[in-house]
Amino acid sequence: MKTNSNIIQWQSPSNIALIKYWGKHGMQLPNNASLSMTLKNARTTTEMRFLPSAEGMEVNYYFEGERNQLFEEKVILYFEKIKVELPFVDDYIFEIHSSNSFPHSTGIASSASSMSALALCLLSVEEIINKKKYEKGEFFSRASHLARLGSGSASRSVYGGWTTWGSIEDYENTSNERASTLGFDVHPKFEKMGDAVLLVSSKTKSVSSSLGHNLMKIHPFANARYEQATDNIHALMCSMQVGDFDTFASIVENEALTLHSLLMTSSPDGMLFRSGSLEIIEAVRSFRATTKTELCFTLDAGPNVHLIYPLEEKERVHRFIRNELIQFCENGKWIDDEMGGGPMQI
Ligand code: DP6
């Protein structure tokens with residue numbers, strides 16, 4: 001941990017949603033509850049230096065060593081938004097240095113890791129400035145709430161393992177305001193999971209989440225989608241408690257295909273699948289049927305495919321990728337990640 005009293009550093013991971021958040025209202029409140037797995041290797045490291053300022057708030061933002069105007073503007077907008085909750089931001093100069101452990105356009109959500117890292121830094125700064133220490137549970141709950149205001153999916157990244165965000169009937173402690181860890185023990189099969197991200201294309205732009213969430217406001221299938229997501233999250237959590245991988249896989253894949261169906265049927269529409277995405281999906285399904293290997297796929301709003309599997313299947317899944325799937329990956333590239341324990345203060 002940094003010892004200088006005006007420097008804070010956090011490392012925060014990305015996450016991959018299995019029940020998708022797609023559609024929001026009000027101040028970044030989700031239209032349905034989502035569930036995700038926090039990653040281990042895909043992380044953002046953010047260092048925040050802060051000094052009192054006589055001339056009001058100032059932010060200087062560096063990404064991977066270089067001043068980045070675009071990100072800086074986003075961070076300023078974010079600081080303006082959270083000022084009501086953290087009024088001290090108005091009286092400080094911030095120098096922020098941020099870097100990612102994973103490349104761009106890979107199907108890994110950098111907004112989740114970067115916004116959660118930023119929220120964690122701000123909260124640690126608040127503790128120093130206001131000379132008050134939050135109790136651990138309260139710290140992370142508040143960090144999740146603040147991260148949500150930056151990016152919805154970032155709210156889930158402040159916890160390790162399995163995380164949900166959004167109110168879920170019969171599950172106490174779930175909330176639209178912030179994420180939480182699962183309130184039950186999962187079957188041992190689902191305790192340690194792998195995520196192999198297959199890079200089908202880095203060129204194809206994903207539909208920005210703000211555009212996507214907006215499209216849901218006028219989507220003809222929106223209400224049916226929110227009902228389906230509610231059914232899916234309940235059924236998925238049951239399958240995780242009893243260790244039913246078949247049900248787990250069919251729901252996870254249904255969620256990914258639903259997200260893309262919603263994109264394809266929105267106006268304007270978004271066709272983000274590439275032929276490689278489809279080839280991988282078909283190969284995964286046939287490999288699972290013939291070898292009984294427990295793996296399934298999911299996608300975010302882009303063409304790259306995540307393979308989700310219990311970690312005990314790692315060797316078989318990696319062999320399958322090398323033998324059959326690598327041909328569909330751009331320059332043979334894929335990223336080996338797994339479930340992680342959540343953010344870390346450095
Ligand atoms: C498809 O969290 O990026 O990855 O709240 O506007 O920042 P904003 O959206 P964002 O949306 C994520 C959408 C998704 C599914 C998910 O992560 O749940």
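Whatever order the structure lists ligands and atoms in, that order sets their numbers, starting from 1. A quick note: this is a predicted structure, and the numbers were derived from the prediction, not measured.
The closest protein non-hydrogen atom to atom 3 (O) of ligand 1 is Ser209 OG, 3.0 Å. Of all protein heavy atoms, the one lying nearest to atom 4 (O) of ligand 1 is Asp300 OD1, 3.3 Å. Ranking protein heavy atoms by distance to atom 7 (O) of ligand 1, first place goes to Ser151 OG, 2.7 Å. At the top of the distance list for atom 9 (O) of ligand 1, counting protein heavy atoms only, stands His213 NE2, 3.0 Å. From the protein, the heavy atom lying nearest to atom 17 (O) of ligand 1 is Arg156 NH2, 2.8 Å. Closest to atom 15 (C) of ligand 1 among all protein heavy atoms lies Tyr21 O, 3.5 Å.
Looking at ligand 1, you'll find an N or O of Gly152 within less than 3.5 Å of one of its N or O atoms. Of the polar atoms of Trp22, none of the N or O atoms is found under 3.5 Å from an N or O of ligand 1, judged by distance alone. Considering backbone and side-chain N/O atoms, Lys24 comes within less than 3.5 Å of an N/O atom of ligand 1.
Residues Ser34 and Arg156 bring a donor and an acceptor atom of their side chains to less than 3.5 Å of each other.
His318 pairs in a side chain to side chain contact (heavy atoms under 4.5 Å, CB included) with only one of the listed residues (Arg316, Lys314, Glu315), which is Lys314.
Ser111 counts as a contact of ligand 1, since one of its heavy atoms falls under 4.0 Å from the ligand. Ligand 1 lies out of reach of Arg148, whose nearest heavy atom is not under 4.0 Å from it.
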